[in-house]
Number of protein chains: 2
Amino acid sequence: MTMVDGERPPQQLAQYSGFLLNWVAARSRLRFATALAEIDLHPREFAALNIVAAKPGLTQHELAAAAEIDASTLVATLDALEQHGLAERRVMPQDRRKRAIHLTPAGEAALRRGRALAKRLGDELFGTLSADERRQFELLLRKLAGVG
Amino acid sequence: MTMVDGERPPQQLAQYSGFLLNWVAARSRLRFATALAEIDLHPREFAALNIVAAKPGLTQHELAAAAEIDASTLVATLDALEQHGLAERRVMPQDRRKRAIHLTPAGEAALRRGRALAKRLGDELFGTLSADERRQFELLLRKLAGVG
DNA sequence: TATTGTTATACTCTATAACTATA
DNA sequence: TATAGTTATAGAGTATAACAATA
């Protein structure tokens with residue numbers, strides 16, 4: 001039994017908005033991870049692909065900071081991406097301690113597949129809301145996150 | 001560096017509503033856990049207190065099911081609650097394998113403190129929203145969770 | 001000396017399976 | 001045999017600290 005297997009949140013805890021927020025988030029995270037696994041991608045790898053695509057040539061420290069994870073945590077993620085031929089570490093000639101991270105064409109294709117999946121899962125997540133309600137929810141979510 | 005230390009979510013990932021949902025949820029969870037720790041309570045303990053208060057005398061299996069956690073996971077939570085004098089296991093005479101879980105007066109007091117904290121943290125979480133927006137967000141959250 | 005990336009390690013969380021005591 | 005609770009254990013996830021290479 002996993003914590004997010006339930007179809008409905010525990011009744012006595014659902015009164016807490018913070019709990020409900022975490023319950024809905026955990027369920028959506030699990031579903032997304034499950035869907036990503038079908039295309040051999042881990043959520044961390046998908047996150048890294050997104051950031052590297054936006055800023056090719058980042059160093060590992062810069063990538064870790066952009067992803068808000070520890071640099072040591074990033075190592076295994078990049079190992080996996082390289083093993084699957086989705087990204088490359090390139091030693092920088094001007095400072096041979098640093099490695100610039102780039103996507104391969106296969107990495108860009110994987111990113112596109114992941115994005116299509118994210119769109120599909122987003123539609124599923126918000127399936128019970130009207131288009132208006134979804135826009136409203138996403139707007140408020142951005143306010144809560146201090147974004148845009 | 002923790003995953004949720006950032007003041008703002010990673011820019012390249014904030015476009016995904018699912019990511020944003022998880023980011024906001026993780027931040028609120030961390031803050032709540034930190035606040036609860038100041039009154040010597042763990043989020044799992046607070047969850048158990050809530051359910052037992054609503055349904056005194058539940059068996060451990062029933063409590064685990066109500067909390068949507070595994071029965072084995074519950075053991076340590078109840079151990080901690082008992083050690084702090086907040087809850088009791090009472091062997092049931094009609095079936096000595098079962099233990100009925102009850103709160104102590106101290107447990108009810110701890111629950112009240114936790115609830116006050118949850119209210120305060122909820123107000124902080126939604127501090128950037130108007131009262132109307134907060135109601136709207138909570139309504140949509142319940143729709144997403146399939147509640148009420 | 002300081003920094004980059006890496007490795008080793010430890011800690012938290014939680015599930016699975018084996019165990020015990022009762023039924 | 002089956003069930004309630006417990007214990008042992010294993011896996012995922014992620015941070016901290018020590019390390020090697022380079023500056």
Side-chain angles (χ1 to χ4, degrees), chain A residues 1-6 10 22-23 25-27 29-30 32-34 36-37 41-48 52 57-83 87-101, chain B residues 1-6 10 22-23 25-27 29-30 32-34 36-37 42-48 52 57-83 87-102:
Chain A
M1 181 200 300
T2 64
M3 200 176 75
V4 287
D5 270 356
N22 273 280
W23 188 86
R27 192 176 56 162
R29 183 172 62 238
L30 178 62
F32 186 48
T34 302
L36 271 182
L41 225 41
H42 188 282
R44 275 169 301 185
E45 297 170 23
F46 179 63
V52 176
L58 280 175
T59 67
Q60 292 186 204
H61 266 82
E62 290 166 342
L63 175 51
E68 292 179 14
I69 60 173
D70 195 86
S72 69
T73 303
L74 179 62
V75 174
T77 302
L78 287 177
D79 287 350
L81 287 175
E82 273 198 327
Q83 275 162 21
E88 293 174 353
R89 290 167 164 110
R90 299 184 194 159
V91 174
M92 298 177 84
Q94 65 273 38
D95 185 342
R96 295 174 35 74
R97 291 173 304 184
K98 298 183 177 177
R99 285 95 211 271
I101 310 302
Chain B
M1 179 201 299
T2 64
M3 200 176 74
V4 286
D5 271 356
N22 273 281
W23 188 87
R27 193 177 55 161
R29 182 172 61 237
L30 177 61
F32 186 48
T34 302
L36 271 183
H42 188 282
R44 272 169 303 183
E45 298 169 21
F46 179 64
V52 177
L58 280 176
T59 67
Q60 292 186 205
H61 267 82
E62 290 166 343
L63 175 50
E68 294 180 13
I69 61 173
D70 194 87
S72 70
T73 303
L74 179 62
V75 174
T77 302
L78 286 178
D79 287 349
L81 288 175
E82 273 198 328
Q83 275 163 21
E88 294 174 352
R89 291 166 164 112
R90 299 184 194 159
V91 174
M92 299 177 82
Q94 66 273 38
D95 184 341
R96 295 176 34 74
R97 292 172 303 182
K98 299 184 179 178
R99 284 94 213 272
I101 310 302
H102 291 271

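Small disclaimer: the values here were computed from a predicted structure and weren't measured. Naming: A, B, ... by sequence-line order, numbering from 1 per chain. Side chains are part of it too, since the values below use all heavy atoms of this structure and drop only hydrogens, waters and symmetry mates.
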_hbond_proxy A/R97 side chain to C/dT3 base (donor-acceptor, 3.5 Å cutoff)_ = yes
_For a quick check, tell me whether the side chain of A/S72 and the base of D/dT16 share a donor-acceptor pair closer than 3.5 Å._
yes
Select one nucleotide: of [options], the one nearest the side-chain heavy atoms of [X].
| X | options | answer |
| --- | --- | --- |
| A/T73 | D/dT14, C/dT22, C/dA15 | D/dT14 |
| A/K98 | D/dT7, C/dC13, C/dT4 | C/dT4 |
| B/R96 | D/dG13, C/dA23, D/dG5 | C/dA23 |
| B/H61 | D/dA4, D/dA15, D/dT22 | D/dA4 |
| B/D70 | C/dT16, C/dT7, C/dT22 | C/dT16 |

*A/A26 versus B/N22, closest heavy-atom pair with distance*: N-OD1, 4.2 Å
*Minimum heavy-atom distance between B/E45 and B/A80, given as atom pair plus value*: OE2-CB, 3.5 Å
[X] [atom1] to [N] [atom2], straight-line distance once rounded to whole Å:
| X | N | atom1 | atom2 | answer |
| --- | --- | --- | --- | --- |
| A/L78 | C/dT4 | CG | C1' | 13 Å |
| B/L63 | D/dA4 | CG | C1' | 13 Å |
| B/L74 | C/dC13 | CG | P | 15 Å |
| A/I69 | D/dG13 | CD1 | C1' | 11 Å |
| A/R29 | D/dG13 | CZ | C1' | 11 Å |
| B/E82 | D/dG5 | CD | C1' | 12 Å |
| B/Q94 | D/dA4 | CD | C1' | 13 Å |
| A/L30 | D/dA12 | CG | P | 15 Å |

Counting only side-chain nitrogens and oxygens, does [X] get under 4.0 Å of the OP1 or OP2 atom of [N]?
| X | N | result |
| --- | --- | --- |
| B/R89 | D/dT6 | yes |
| B/H42 | C/dT12 | no |
| B/Q60 | D/dT6 | yes |
| A/R44 | D/dG13 | yes |

_Are A/L78 and A/L63 packed together at the side-chain level, in the sense that at least one heavy-atom pair is separated by less than 4.5 angstrom?_
yes
*Apply side-chain contact (heavy atoms from CB on, under 4.5 Å) to B/I101 and B/R89, showing your working.*
CA-CA 5 Å; B/I101 310 302; B/R89 291 166 164 112; 3.7 Å; yes
*asked:* Return the CZ to NE2 distance between A/R97 and A/H61, rounded to the nearest 0.5 Å.
replied: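 Interatomic distance, A/R97 CZ to A/H61 NE2, rounded to 0.5 Å: 10.0 Å.
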_I want to confirm an ordering. Mapping B/R99 and A/D95 to their closest nucleotides on DNA chain D, which one lands closer to the 5' end?_
B/R99
